[in-house]
Structure formats: C-alpha cells, structure tokens
Amino acid sequence: VQLQASGGGLVQAGGSLRLSCAASGRTFSSYTMGWFRQAPGKEREFVAGISQFGGITRYGDSVKGRFTISRDNAKNTAYVQMNSLKPEDTAVYYCSATQGPPTTWSRGYAYWGQGTLVTVSS
C-alpha cells in the first residue's frame, strides 16, 4: 500500500487542523492505520492508531482528548483531527499502515507516507 499524507500547515496555538492520509490499492480496509510525529532532534512519537474497521483506537498520552483518529474505508483515507493545538505539537506527521492491531511501536508499521509538516505558533 502507498500512503500520501496531507493537510499540514501553520496554525496558531489553540487552533485546529485535520490531516488526511490517502492510500492506494483496493485493500485499505485490511490495514490498521497509524499516525506518528517527529519533532527536530526528537524520536518518532506515536500519535494515534485505528483498527481496520475503526472499532479500536489508541492515542498517545500527549494528544489524548485533543486529537481524534478516524477512517473512511470507502475513500481509502484515514484522518486525524487535531484540536487545541499547542506549540509542542509542532512536528512532521507521518501516516503508517500495518496488517496487525494498532500498536504504539513504530516498527510495527510496515508502510509509511512521506510526512506533512505541522507548525503551531505561540
């Protein structure tokens, strides 16, 4: 599966953005989707994951209550709605896919998109 992330940009603290991850192929619904982020000088961090049909979602502690992951299997697209953004949310956000359950471990995802930059100004 090939993944294309989009929707990043510059937003003020307290604002919102929605990232999208478009997947190629006809088997999108067989993949768990995940979002990770990486800030300069920091390790890649788990943001959120969603199972194949959306029944299971997981969130990183730093985004719980502010971010919501979702998917539309008919559109081969996963999303992450990001609200109440903070400057510390500034990072390159990557979407990823795996055929296993949602995991917070980046090596559990075999497929990765190219990343989209989110910058939150204070």
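- To the nearest 0.5 Å, atom OG of residue S16 and atom CG of residue L85 are 6.0 Å apart.
- A13 approaches P87 most closely through the heavy-atom pair CB-CD, 4.1 Å.
- Between atom OG of residue S84 and atom CZ of residue F67 there is a gap of 9.0 Å, rounded to the nearest 0.5 Å.
- No donor-acceptor distance shorter than 3.5 angstrom exists from the side chain of Y79 to the backbone of T68, with no hydrogens or angles considered.
- In this structure, CG on L117 lies 8.0 Å from OG1 on T90, to the nearest 0.5 angstrom.
- Among all heavy-atom pairs drawn from G7 and L17, the shortest one is O-CD2, 3.9 Å.
- Screening V80, I50, T77 against M33 for a side-chain contact (heavy atoms from CB on, under 4.5 Å) leaves a single residue, I50.
- Grouping the Ile, Leu, Val, Met, Phe, Trp and Tyr side chains by contacts below 4.5 angstrom, directly or via other members, places W112 apart from V47.
- To the nearest 0.5 Å, atoms OG (S51) and CZ (R71) are separated by 7.0 Å.
- The existence of a salt bridge linking D89 and K86 is excluded, since no basic side-chain nitrogen approaches an acidic carboxylate oxygen closer than 4.0 Å.
- The structure places CD of Q4 at 8.0 Å from SG of C95, a figure rounded to the nearest 0.5 Å.
- Side-chain N/O atoms of R58 and T32 include no donor and acceptor closer than 3.5 Å.
- V92 and W35 end up in different hydrophobic clusters when Ile, Leu, Val, Met, Phe, Trp and Tyr side chains are linked at under 4.5 Å.
- Side chain of T116 to backbone of A5: no donor-acceptor contact under 3.5 angstrom is found.
- Here the straight-line distance linking atom NZ of K42 with atom CZ of R37 works out to 8.5 Å at 0.5 Å rounding.
- Contact between A78 and F28 at its shortest, heavy atoms only, is N-CZ, 3.9 Å.
- Both Y111 and Y93 sit in one connected hydrophobic cluster of ILVMFWY residues. Membership requires side-chain heavy atoms under 4.5 Å apart, directly or through other members.
- Scanning both residues, G108 and T98, for their nearest heavy atoms gives O-OG1, 2.9 Å.
- Residues Q52 and S29 have side chains not in contact (no heavy-atom distance under 4.5 Å, counting atoms from C-beta outward).
- No more than 12 heavy atoms of other residues, nucleotides or ligands lie within 6.0 Å of CD in Q2, so this atom counts as exposed by the packing criterion.
- A distance-only check finds no donor-acceptor pair linking the side chain of R44 to the backbone of Y94 [under 3.5 Å].
- Hydrophobic clustering of Ile, Leu, Val, Met, Phe, Trp and Tyr side chains at less than 4.5 Å, counting indirect connections, keeps L19 apart from F36.
- Looking at T104, its side chain never comes within 3.5 Å of a backbone N or O of F46 through a donor-acceptor pair.
- By the criterion of side-chain heavy atoms lying less than 4.5 angstrom apart, applied directly or through intervening Ile, Leu, Val, Met, Phe, Trp or Tyr residues, M82 is grouped together with V120 in one hydrophobic cluster.
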